[in-house]
Amino acid sequence: MKIDVLTLFPEMFSSLKESIIGKAIENNLIEINLINIRDFSKDKHKKVDDTPYGGGAGMVMKPDVVYEAFKSIKSTSAKTIYLSPQGKILNQNKIKELSKETHLILLCGHYEGIDQRVLDEIVDEEISIGDYVLTGGELPAMVLIDSVSRYIEGVINKESIKEESFSDGLLEYPQYTRPEMFLNKTVPEVLKSRKS
Ligand code: 21W
C-alpha cells in the first residue's frame with residue numbers, strides 16, 4: 001500500500017520508522033511519502049495560512065497552497081482522507097475497509113483547519129479519531145497508518161489478526177509471561193500446564 005501524507009510537519013512522522021511499521025516500510029510492504037505543504041507556497045515568506053473570513057480566533061490553511069501540494073501527487077485511484085475533528089469517528093471496521101485500498105492520501109490540517117473550498121474539491125472522506133481536541137491531524141494520521149498497516153499481508157502474523165476478531169472485550173483476557181513468580185505473585189494455575 002502506498003500512503004501519501006500532506007502535512008506542514010513531516011518531521012512528526014519520524015516515529016513511524018520504529019518497530020513493526022518501520023520493518024514494514026523497510027520490507028516495502030508499505031510506502032509512505034511525506035509531502036510538506038509549505039513547499040508549495042509561492043509566497044516569498046512561504047506563507048501557508050491566513051486569517052479567517054468573518055473573523056474569529058486562529059488561522060486557516062490557504063486553499064491554493066493545499067491544492068498545489070495535492071496536485072503534486074500522481075494518482076489515478078487514490079482515496080483522499082482529511083483527518084478532521086468533524087469527521088466520522090474511526091473504528092476497526094473502517095480500518096479493515098481502508099486496508100484494502102492500494103493508495104491513500106492523508107491530508108493533515110493544523111491551526112483552525114483548511115479552507116472549505118479545497119476540501120470540497122479533493123477530499124473523499126473525513127475521519128476523526130475520537131471526541132477530544134488535538135492540535136492537528138498528524139497524530140490521527142499516524143494512528144490510521146499504524147492500524148491500517150496491521151492488515152497488510154506480511155506486516156504481522158495472521159494469528160494475531162484472527163485473535164482480535166473475537167476479542168471485542170468478551171474474549172479478552174489478562175496475559176502472563178515468565179518469570180513464573182513476580183513480586184510474590186504467581187501465574188494463574190490453569191495457564192501453567194498449557195502449551196501454546
Ligand atoms: C482541533 C482543528 C479543533 C480545529 C471555527 C470553526 C484531526 C482531530 C484533528 C483542530 C479545531 C482528529 C473551527 C480527534 C482532533 C485535528 C485540530 C476547532 C474548528 N473553528 N480527531 N470551526 N481530534 N485537530 N476549530 O482534534 O485536526 S482528526
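One-based numbering along the sequence shown. Each ligand, and each atom within it, is numbered from 1 in the order the structure gives.
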S.K.: So which residues, sorted by chain and number, lie with a heavy atom under 4.0 Å of ligand 1?
M.R.: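 Lining ligand 1 at under 4.0 Å, by heavy atoms, one finds Leu83, Ser84, Pro85, Tyr111, Glu112, Ile127, Ser128, Ile129, Gly130, Tyr132, Val133, Leu134, Thr135, Gly136, Gly137, Pro140.
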S.K.: Before accepting this row, confirm whether a basic side-chain N of the pair Glu26/Lys17 lies closer than 4.0 Å to the acidic partner's carboxylate O.
M.R.: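 So Glu26 does not pair with Lys17 through a salt bridge.
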S.K.: Return a table of donor-acceptor pairs under 3.5 angstrom between the side chains of residues 59-72 and protein atoms on other chains or two or more places apart.
M.R.:
from	atom 1	to	atom 2	distance (Å)
Glu68	OE2	Lys71	NZ	3.3
Ser72	OG	Ala69	O	2.6

S.K.: Any side-chain donor-acceptor pair under 3.5 Å between Ser75 and Lys2?
M.R.: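 Distance-only check fails for Ser75 and Lys2.
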S.K.: Between Tyr151 and Glu97, do the side chains contain a donor N or O and an acceptor N or O under 3.5 Å apart?
M.R.: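 Their side chains do not contain a donor-acceptor pair, so the 3.5 Å distance test is not met.
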S.K.: Let me have the donor-acceptor pairs involving side chains of residues 33-41, under 3.5 Å, with sequence neighbours excluded, atom names and distances please.
M.R.:
from	atom 1	to	atom 2	distance (Å)
Asn33	ND2	Asp4	OD1	3.0
Asn33	ND2	Glu31	OE2	3.3
Asn36	OD1	Arg38	N	3.0
Arg38	NH1	Lys46	O	2.9
Ser41	OG	Asp43	N	3.4
Ser41	OG	Lys47	N	3.2
Ser41	OG	Lys47	O	2.7

S.K.: What pairs of donor and acceptor atoms, side-chain ones from residues 127-142 against any protein atom, are under 3.5 angstrom apart with sequence neighbours left out?
M.R.:
from	atom 1	to	atom 2	distance (Å)
Ser128	OG	Gly130	N	3.1
Ser128	OG	Gly130	O	3.3
Tyr132	OH	Ile129	O	3.1
Glu138	OE1	His110	ND1	2.9
Glu138	OE2	Thr7	OG1	2.7

